Amino acid sequence: KNQVEQSPQSLIILEGKNCTLQCNYTVSPFSNLRWYKQDTGRGPVSLTIMTFSENTKSNGRYTATLDADTKQSSLHITASQLSDSASYICVVRPPNDYKLSFGAGTTVTVRA
Amino acid sequence: DSGVTQTPKHLITATGQRVTLRCSPRSGDLSVYWYQQSLDQGLQFLIQYYNGEERAKGNILERFSAQQFPDLHSELNLSSLELGDSALYFCASSVGNPGAYEQYFGPGTRLTVT
């Protein structure tokens, strides 16, 4: 069973609207949790990194939140743009472990 | 542009063949990671090198091998290729050992096995 589960698998939103992506993880404890954006056919690009003690981290219109008690993280996209169409990947790193645990990603499609 | 370069961009080969993928990390980065991403699947960690030494192994098949050279570039060798090896292969680099350090991903090599 994957240690990082993301939902929904995909979603379609209209340009200008907001959306929230979910990430549930079982890795515990963990060192940090990251959200990546991956455009089709390209390498992932980091959006946010949070340690276990942080509750929220913003990067422009992207805001990530973390609830270490419930082992949940979310990524909120505000005022979506067509360029936000991509896959968003949640990644968790256990402490003292070189291997990151990747979620399968949520594919976001923004339509005009 | 992440600063990580990968060559070639695309590779088409036949089953049973062997290929080599190349990665040059960002200037100053000592760690290199290799990932496989099959169609509609998440990234799978394959292997990590730090300053020329293997540091971690993930779901890497025995038919696959990698190395990091003194100039810190890395190569991933895939042999006895099967149809299921068709995927995007990403290289990432970070300044030090993993975890606390941001990983920067290259553009990937798309491998098609026919």
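Worth knowing before you read on, the calculation uses all heavy atoms, side chains too, and leaves out hydrogens, waters and symmetry mates. Each chain gets a letter, A, B and so on, in the order its sequence line appears, and its residues count up from 1. These figures come from a predicted structure and were not determined experimentally.
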Kindly compute the distance separating [atom1] ([X]) from [atom2] ([Y]), expressed to the nearest 0.5 Å.
{"X": "B:Phe105", "Y": "A:Arg42", "atom1": "CZ", "atom2": "CZ", "result": "14.5 Å"}
{"X": "B:Glu102", "Y": "A:Asn32", "atom1": "CD", "atom2": "CG", "result": "9.0 Å"}
{"X": "B:Leu43", "Y": "A:Ser87", "atom1": "CG", "atom2": "OG", "result": "8.5 Å"}

So what's closer than 4.5 Å to chain B heavy atoms on A:Gln6: side chain, backbone, both or neither? neither
Is it the backbone or the side chain of B:Gln6 that comes under 4.5 Å from a heavy atom of chain A, or both, or neither? neither
Report yes or no: do [X] and [Y] belong to one cluster of Ile/Leu/Val/Met/Phe/Trp/Tyr joined by side chain heavy-atom distances under 4.5 Å?
{"X": "B:Phe45", "Y": "B:Ile60", "result": "no"}
{"X": "B:Trp34", "Y": "A:Tyr36", "result": "no"}
{"X": "A:Met50", "Y": "A:Val45", "result": "no"}
{"X": "B:Phe69", "Y": "B:Val32", "result": "no"}
{"X": "A:Tyr25", "Y": "A:Tyr88", "result": "yes"}

For residues 62-88 of chain A, which residue pairs pass the salt bridge (charged side-chain N to carboxylate O under 4.0 Å, His left out) check, not counting sequence neighbours? A:Arg61-A:Asp84
Report, in residue-number order, which members of residues 106-114 of chain B are under 4.5 Å from chain A by heavy-atom distance. B:Gly106, B:Pro107, B:Arg110
Filtered by a 4.5 Å non-hydrogen cutoff, the part of residues 77-93 of chain B contacting chain A is B:Leu88, B:Phe90
Specify the closest pair of heavy atoms between B:Gln103 and A:Arg34, including all atoms of both residues, with the distance to one decimal. N-NH1, 3.6 Å
So which residues get pulled into B:Tyr104's cluster when ILVMFWY side chains under 4.5 Å apart are joined, directly or through others? B:Val4
